[in-house]
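Chain naming here is simple, since letters A, B, ... match the order of the sequence lines and numbering starts at 1 in each. Just so it is clear, the model here is predicted, and its values are computed rather than measured.
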Amino acid sequence: MTAFKSDFLRVLDERGLIHQVADPEGLDALCRTGVQTAYVGYDATATSIHIGNLITVTLLYWFQETGHRPITLMGGGTSMVGDPSFRDDQRKLLSVEEIATNIESIKRVFGRILRYGDGPTDALMVNNADWLLKLNYVEFLRYVGRHFSVNRMLSFDSVKLRLDRDQSLSFLEFNYMIMQGYDFVELNRRYGCSLQMGGSDQWGNIINGVDLSHRMGGPQLYAVTTPLLTTASGQKMGKTANGAVWLNGDLFSPYDFWQYFRNTEDADVGRFLKVFTRLPLGEIARLEALGGAEINEAKKVLATEITAIVHGREAAEAAAETARKTFEEGSLATDLPSVSMTRTEFEAGLGVLTAFVKAGLLPSTGEARRQVKAGGLRVNDVLVSDERAVLGSADLTSDGAVKLSFGKKKHVLLRPE
RNA sequence: GGGGGAAUGUCCCGAGCGGCAAAGGGGGCGGACUGUAAAUCCGCUGGCUAUGCCUUCGCAGGUUCGAGUCCUGCUUCCCCCA
């Protein structure tokens, strides 16, 4: 692949954001002929998007940054079907209400990353329920369905897994790729959108839209996918003990988010800086080159920059400061995540095990008991050795709280009030 | 419609002569070592008012002192035939 001439593709390429491109020369040329429109679709399968989705939002960010108009497409219609791509089982069907609440909740993140409005390069928020839900079945089949070859659809890698394993692929799910293909054509028609982007798992679905446009006599459409992000040791990104790394603060706090990236493996630092942050490449090269323990400085920059993008600069700085006090100074950071409880409840005598469960650090007293044996619990930085110990006023620090620590990294302040 | 197979510890995969809180992995968590890293090693990986009690093997019944295991019905999924 030769060097791109358009600002947009050049930035993506330099930052390692490109996995595949359909018609790279054509797209490169198009991006140099004025304001273009591109979209990424987001399914409403949860109340938040997660770290894996953040990369595609980043694509839209750079798209807007280089002078174009991004569209975030909410899958209000497609979520009623469920994308079967690379899944080995059928998704649970979501109710209309669930989809609606999910969309409302998901929307909140985008506003921080993209600039929405009415200007020529302002982002648009669109919902495919607007056109998919009122389609007439037979009409749709004759108009769109005839352009799809089942033979070809069966050959896509995204569904092969299911078929090869002799697992059923319902007709409902099979229609997902047709709907997504149609979305692309419809967005082109409504907004002149000529580029669809997404994760590498979406390649097949996106190409379906490109083909459909051809077959229906529409314009040339383009596709860009990003690589699937894995850690250097081969794990998929974004999984923690408590589930996915969500972007909504109510599901995954800014502090935890910061910590997640602070704990990046050495080998991933440079790559993640390029992919997620907006720092200049020169600066990234400098940070990446830090050796040994010094690379921790780069990890802090990485954590703060990404957190700032998702939760705002202020929240990011706060998380960094809390971490600094806790880990470097060893002092009691008063803004650690805290859990409050009533004074009477506290003074009635609170067992250590129960305290950790109440603080949300552990799921059960049984687990707490095990952690005491394993030496993983601390109260005010003192190792808990007796599982029958009871907390009392004597354990309150001058700040009026008890610091509970699970392992070396998870700390919570318990405040009787 | 007919025939055959499957469902196990609420993360996943997977053993399981009628005595089972149920083998073994993976993943995850904790500990040691480090740099809040990786690799490695060790431990843990149903719940609780805890020398005991309660709930788990698709669902509902039954046989039995005792059922994940045997019987009956049901549900879901898969395969083959029509």
Less than 4.5 Å apart, any side-chain heavy atom of Ile309(A) and any of Arg278(A)?
yes

Could you check which of G35(B), C29(B), U36(B) has an atom nearest any side-chain atom of Phe327(A)?
U36(B)

Pairing partner of G18(B) (Watson-Crick or G-U wobble, both distances under 3.5 Å):
none

Say you pick atom C1' in C70(B) and the same atom in U63(B); how far apart are they, in whole Å?
8 Å

Tyr191(A) ring center within less than 6.0 Å of Tyr39(A) ring center:
no

Any base atoms under 4.0 Å from Lys299(A), or only sugar-phosphate, or nothing? Heavy atoms, all strands.
base

Within the 4.0 Å limit for protein heavy atoms, which parts of nucleotides 42-47 of chain B are touched? Write it as a string from 5' to 3', B for base, S for sugar-phosphate only, - for none.
--SS-S

Pairwise C1' distance for U72(B) and A67(B), with rounding to whole Å:
15 Å

Could you tell me whether Lys358(A) atom NZ has more than 12 heavy atoms of other residues or ligands within 6.0 Å of it?
no

Between U49(B) atom P and Glu387(A) atom CD, what is the distance in whole Å?
12 Å

C1' atoms of C71(B) and U64(B), separation to the nearest Å:
12 Å

Expressed in angstrom and rounded to an integer, what is the separation of Leu350(A) atom CG from U49(B) atom C1'?
14 Å

Can you check the Asp266(A) CG to G35(B) P distance for me, whole Å?
12 Å

Is it the case that Thr121(A) and Arg115(A) place a side-chain donor and acceptor less than 3.5 Å from each other?
yes

Rounding to a whole Å, what distance do you find between Glu294(A):CD and G35(B):C1'?
11 Å

For U40(B) and C80(B), measure between their P atoms and round to the nearest Å.
43 Å

Would you tell me whether Thr78(A) and Asp183(A) have side-chain atoms, one donor and one acceptor, within less than 3.5 Å of each other?
no

Where do Val372(A) and Ser385(A) come nearest, in terms of heavy atoms and distance?
CG1-O, 3.9 Å

With nearest nucleotide decided by heavy atoms, which residue, Lys300(A) or Leu353(A), maps closer to the 5′ end of RNA chain B?
Lys300(A)

Establish, with yes or no, whether the OP1 or OP2 oxygen of A37(B) is under 4.0 angstrom from a side-chain nitrogen or oxygen of Lys409(A).
yes

If the P atom of U55(B) is compared with that of G47(B), how far apart are they to the nearest Å?
16 Å

Using the P atom on both, measure G26(B) against G14(B) and round to a whole Å.
15 Å

Whether Lys408(A) contacts A32(B) is assessed here as follows: a side-chain N or O lying under 4.0 Å from the phosphate OP1 or OP2. Is that the case?
yes

What are the atom names and distances for every N/O pair under 3.5 Å that joins the protein to nucleotides 51-56 of chain B?
none

Take the protein atom CG of Leu361(A) and the nucleotide atom C1' of G28(B), then report the distance between them rounded to whole Å.
17 Å

Is there a side-chain contact between Lys410(A) and the phosphate of C29(B), meaning an N or O under 4.0 Å from OP1 or OP2?
no

Judged by modelled atom types alone, do Glu186(A) and Tyr182(A) share a side-chain donor-acceptor pair under 3.5 Å?
yes

A38(B), U36(B), G35(B): which one has an atom nearest the side-chain heavy atoms of Trp258(A)?
U36(B)

Check the side chains of Gln180(A) and Gln196(A) for a donor-acceptor pair under 3.5 angstrom, ignoring hydrogens and angles.
yes

For C20(B), measure the glycosidic angle (O4'-C1'-N9-C4 for a purine, O4'-C1'-N1-C2 for a pyrimidine) and name it syn if it falls within 90° of 0, otherwise anti.
syn

Rounded C1' spacing from A21(B) to U56(B) in Å:
8 Å

Both distances below 3.5 Å, Watson-Crick or wobble geometry, any strand: find the nucleotide opposite C53(B).
G47(B)

Of the nucleotides U36(B), G35(B), C29(B), which one has an atom closest to the side chain of Gln259(A)?
U36(B)

Rounded to the Å, how far apart are Lys358(A) NZ and U49(B) C1'?
13 Å

Taking a pair to mean Watson-Crick or G-U wobble geometry with both distances below 3.5 Å, U75(B) pairs with A7(B)

To the nearest Å, how far apart are Leu302(A) CG and A37(B) P?
15 Å

Given the P atoms of A37(B) and G18(B), what is the spacing between them in whole Å?
49 Å

Pairing check on U63(B): which nucleotide meets the Watson-Crick or G-U wobble criteria with it, both distances under 3.5 Å?
none

Any sub-3.5 Å donor-acceptor pair from Asn205(A)'s side-chain atoms to Met177(A)'s backbone N or O?
no

Once you round it to whole Å, what is the distance between P of G30(B) and CG of Leu383(A)?
14 Å

Contacts of Val357(A) and Thr264(A) projected onto RNA chain B by closest heavy atom; the upstream (5') one is Thr264(A)

Looking at Glu417(A), I'd like to know if its CD atom is crowded, meaning that more than 12 non-hydrogen atoms belonging to other residues, nucleotides or ligands lie closer than 6.0 Å.
yes

Identity of whatever pairs with C41(B) - Watson-Crick or G-U, under 3.5 angstrom
G31(B)

Are His214(A) and Leu221(A) side-chain neighbours, meaning at least one heavy-atom pair lies under 4.5 Å?
no

Within the 4.5 Å heavy-atom criterion, are Trp203(A) and His19(A) side-chain neighbours or not?
no

Sugar-phosphate only, base, or nothing, as touched by Leu377(A) at under 4.0 Å among non-hydrogen atoms:
nothing

